[in-house]
Amino acid sequence: YTPLHAAVSQQNERVVNFLLYYSANPFIRSYKPRTMADIKRGKQLEPDKTPLDMLEEIKKGTPEVDLMPLLKIEENLLQAMVAYPELAQR
């Protein structure tokens, strides 16, 4: 879970733009949380969601949300992904 994930989950367009401007990687996936039992069993972290995946869930799961800020965030994430495809390899 990165600052970019947090900014997207809080629907904070200004922070998303700031982070993308300073090279936040929009391809990084968050990881599903593990319980202490999982850790004791040696269960590995599983990739979960990219910031774009999180945004899609917000758009689908909250019908009363104002979509304009979300669409701007989505546009910025997509632009960063197109501009820096090499980040997907990290």
Side-chain angles (χ1 to χ4, degrees):
Y1 201 74
T2 67
L4 186 57
H5 286 91
V8 168
S9 70
Q10 294 171 10
Q11 304 169 36
N12 191 326
E13 181 186 357
R14 289 177 55 201
V15 174
V16 168
N17 293 342
F18 175 85
L19 293 169
L20 290 172
Y21 180 81
Y22 285 101
S23 304
N25 187 340
F27 293 99
I28 291 180
R29 293 187 171 275
S30 64
Y31 286 89
K32 293 180 182 177
R34 296 184 299 174
T35 65
M36 288 305 293
D38 292 336
I39 293 169
K40 286 180 182 176
R41 287 193 303 262
K43 185 176 178 184
Q44 299 297 316
L45 287 174
E46 299 174 26
D48 192 13
K49 298 175 183 75
T50 66
L52 196 58
D53 296 334
M54 293 176 68
L55 189 62
E56 287 301 315
E57 282 188 4
I58 293 168
K59 285 171 32 183
K60 289 179 186 174
T62 317
E64 69 279 357
V65 72
D66 179 12
L67 288 180
M68 284 309 294
L70 296 180
L71 294 175
K72 289 179 184 177
I73 291 171
E74 180 178 47
E75 179 182 356
N76 293 333
L77 287 170
L78 291 170
Q79 286 176 352
M81 293 169 96
V82 169
Y84 304 105
E86 66 276 5
L87 294 177
Q89 305 306 317
R90 290 185 184 177

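None of the values given here were measured: they were computed from a predicted structure. Because only heavy atoms are used, hydrogens play no part in the values below, and waters and symmetry mates are left out as well, while side chains stay in.
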Closest approach of Pro51 to Val8 (non-hydrogen atoms, all atoms of both residues): O-CG1, 3.5 Å
Donor-acceptor contacts, no H, no angles, side chain residues 13-22, under 3.5 Å, sequence neighbours left out:
from: Asn17; atom 1: OD1; to: Asn76; atom 2: ND2; distance (Å): 2.4
from: Asn17; atom 1: ND2; to: Glu13; atom 2: O; distance (Å): 3.4

Gln79: side chain to side chain donor-acceptor pair (under 3.5 Å) partners, not counting sequence neighbours: Glu75
